[in-house]
Amino acid sequence: MESSSHSNASTLLNQSSIINSTSKTYIVSPLPLMIKITMTIIMALVGSGGLVANSLLLYIVRKQEKIRKKGRTVKCFTRILTPYFIQSLALSDFLCSLVNLPVFIAQLYSDIVQNEWGCRCVRYLNLFFAVVTLNNLLVIGIERYMALFYPFLLPSPKFSKNLVILAWIAGAVIVIVPIVTFKTEPIDLGVHEYTVICRYEKTVPVYRAMFIGFTVVNYVIPSIILTITNIQILIFLKSQKNASNSAEQIVANSWRFNDTKMFVSLIFAFVIPYCLYVIYSGLNIALKINLSFTVDYVVRRVSGIIAYSIALVSPTIIFSSMPSLRNMLRNLLRKVFCLKRNARVSEVNPAVLP
């Protein structure tokens, strides 16, 4: 206990000396300008792509649902929960791109995390959408697993929809746990420069336990569960593909199999990038790898870009896996481009159009 208190006191003293030093210049983001510009361009492309792709996905799924409710047959949605799951994931990805794109870029050029409230607000936004998406995928993964292996124990569609709503509410509440552990910390960059970063307080045992507990409970355990169930699902689907089933059996089991492989791909697309970052952080802690602050800062920023790119990867997987949605997207784009072309023609020669 005494050693911990002594460590905290020495850390605070060191931080105070860095900030109060009149000979040091504050640096917003300790990266070369070209790296900042490159990250800005990549994040702008990823973020804008996520916004457009998920906007189109939300619009098309809503339109598809209206067609289905009117009584017309839509082959894409033989499982009634599929559009609901897709809309929840697309909404999370859309909001993630909308919010985190400007926040990520702002952190490269301004000091929005220099105070405690700015630090915690930014980290809340960073974590919230990731937790909500993982909660949604956990609900989807378990629902798909039960549909294949325990179809008679499968919960009702209403119950599954309520679980998706709970996934959003739980995400908003659970993220508060690690947020209280974050604080601003001045970092000495050399003789003449320093910067301020936002990270959880490692020197306080309670905060360290809260942050590690949050990571294990909300990422590690769900990711392990989803990985195991996904592997079992893939093995089962492969065995069914090789089995000689009658046409009646195929039709009878279609509600169990449809879109399952797509959801497996979506889960792996989310779990793997975050898993790489967790492994990197774990190795840093376990092996105490001595990386320079700039290198570690770049790795964390690049990891953030990879994580945010999931918002663009997910709708790509959905459109590529569902021909009905893909056809509606193609028709929508053709309609938009035809209207624009006709508008240009009418501007040049008004007599061409009635």
Discussion item. For Leu325 versus Gln64, what's the shortest heavy-atom pair and its separation?
Written reply: CD2-NE2, 3.7 Å
Response to the item:
CZ of Phe263 to CD1 of Ile86, rounded to nearest 0.5 Å, is 5.0 Å
Discussion item. If hydrophobic clusters are built from ILVMFWY residues whose side chains come within less than 4.5 Å, do Phe159 and Ile140 share one?
Written reply: yes
Worksheet item: Do Ile176 and Val99 belong together in a cluster built from hydrophobic side chains that touch within less than 4.5 Å?
Response: yes
Discussion item. How close do Ile187 and Arg199 get, counting heavy atoms only, and between which atoms?
Written reply: CD1-NH2, 3.7 Å
Worksheet, complete the sentence: Which of Thr133, Asn136, Asn135 passes side-chain hydrogen bond (donor to acceptor under 3.5 Å, both in side chains) with Ser88? It is Asn136
Worksheet item: Mind checking whether Glu143 and Leu163 have side chains closer than 4.5 Å, heavy atoms only?
Response: no
Worksheet item: Any chance OH of Tyr26 has more than 12 other-residue heavy atoms, nucleotides or ligands included, within less than 6.0 Å?
Response: yes
Fill in: side-chain contact (heavy atoms from CB on, under 4.5 Å) evaluation trace for Val103 with Gln107
CA-CA 6 Å; Val103 170; Gln107 289 181 81; 3.7 Å; yes
Worksheet item: Under 4.5 Å between any side-chain heavy atoms of Tyr308 and Leu101, yes or no?
Response: no
Discussion item. Keeping Ser48 on the side-chain end and Leu45 on the backbone end, is there a donor-acceptor pair under 3.5 Å?
Written reply: yes
Worksheet item: Considering all heavy atoms of both residues, which atom of Ser29 and which atom of Tyr297 are nearest to each other, and what is their separation?
Response: OG-OH, 3.2 Å
Worksheet item: Which word best sums up how the rings of Tyr219 and Tyr274 line up, parallel for under 30°, tilted for 30 to 60°, or perpendicular for over 60°?
Response: tilted
Fill in: Side-chain touch Lys183/Tyr207, heavy atoms, less than 4.5 angstrom
no
Discussion item. Any non-hydrogen side-chain atom of Arg334 less than 4.5 Å from a side-chain atom of Asn331?
Written reply: yes
Discussion item. I'd like to check the salt bridge (Lys or Arg N to Asp or Glu O under 4.0 Å) partners of Asp111; sequence neighbours left out, ordered by chain and number.
Written reply: none
Response to the item:
Nearest heavy-atom approach of Val217 to Pro222 is O-CD, 3.1 Å
Discussion item. Grouping I, L, V, M, F, W and Y whenever their side-chain heavy atoms are under 4.5 Å apart, do Leu312 and Ile41 come out in a common cluster?
Written reply: no
Discussion item. Would you compute the distance between atom OG1 of Thr181 and atom CD1 of Ile179 and round it to the nearest 0.5 angstrom?
Written reply: 7.0 Å
Worksheet entry | Selection residues 291-315 - residue pairs positive for salt bridge (charged side-chain N to carboxylate O under 4.0 Å, His left out), sequence neighbours left out | Asp296-Arg300
Practice prompt. Would you check if Pro178 and Arg123 make a side-chain contact, meaning some heavy-atom pair closer than 4.5 Å?
Written response: no
Fill in: Sub-4.5 Å side-chain heavy-atom contact between Trp168 and Ser92
yes
Worksheet item: Would you call the rings of Tyr124 and Phe128 parallel, tilted or perpendicular, where under 30° means parallel and over 60° means perpendicular?
Response: parallel
Response to the item:
Hits for side chain to side chain contact (heavy atoms under 4.5 Å, CB included) against Thr40, two or more places apart or cross-chain, chain-then-number order -> Ile105, Leu108, Tyr109
Practice prompt. Apply side-chain contact (heavy atoms from CB on, under 4.5 Å) to the pair Phe182 and Val122, showing each step before the final yes or no.
Written response: CA-CA 10 Å; Phe182 280 90; Val122 168; over 6 Å; no
Worksheet item: Hey, does Leu234 have a side-chain heavy atom less than 4.5 Å from the side chain of Lys238?
Response: no
Worksheet item: Is it true that a side-chain atom of Gln87 and a backbone atom of Pro83 form a donor plus acceptor pair closer than 3.5 Å?
Response: yes
Fill in: Donor-acceptor contact below 3.5 Å, side chain Asn54 vs main chain Ala311
yes
Item to complete: Check whether any side-chain heavy atom of Phe214 lies under 4.5 Å from a side-chain heavy atom of Val131, and answer yes or no.
Response: yes
Discussion item. Would a single hydrophobic cluster contain both Val132 and Leu51, if residues Ile, Leu, Val, Met, Phe, Trp and Tyr are joined by side-chain heavy-atom contacts under 4.5 Å?
Written reply: yes
Fill in: Heavy-atom pair of closest approach, residues Ala269 and Val313
CB-CG1, 4.2 Å
Discussion item. Using modelled atom types and a 3.5 Å cut-off, is there a donor and acceptor pairing between side-chain atoms of Asn115 and backbone atoms of Gly118?
Written reply: yes
Discussion item. I'd like to know if the side chain of Thr229 and the backbone of Leu226 have a donor-acceptor N/O pair within less than 3.5 Å.
Written reply: yes
Worksheet item: Do Met39 and Val298 pass the side-chain contact (heavy atoms from CB on, under 4.5 Å) test, and can you show the C-alpha distance, the side-chain angles, and the key distance before you say yes or no?
Response: CA-CA 10 Å; Met39 287 186 175; Val298 170; 4.1 Å; yes
Worksheet item: Is there a path of hydrophobic side-chain contacts, each under 4.5 Å between heavy atoms of I, L, V, M, F, W or Y residues, that connects Met328 with Leu89?
Response: yes
Item to complete: Measure the acute angle between the ring planes of Tyr150 and Tyr145, then classify it against the limits of 30° and 60° as parallel, tilted or perpendicular.
Response: tilted
Worksheet entry | Interatomic distance, Arg144 atom CZ to Met262 atom CE [nearest 0.5 angstrom] | 9.5 Å
Fill in: Over all atoms of both residues, closest heavy-atom pair of Val177 and Met210
O-CE, 3.2 Å
Discussion item. With rounding to the nearest 0.5 angstrom, report the CZ to OG distance, Phe319 to Ser324.
Written reply: 11.0 Å
Worksheet item: What is the distance from atom CD1 of Ile212 to atom OH of Tyr200, rounded to the nearest 0.5 Å?
Response: 5.0 Å
Worksheet item: Measuring from Phe268:CZ to Asn230:CG, what's the distance to the nearest 0.5 Å?
Response: 4.5 Å
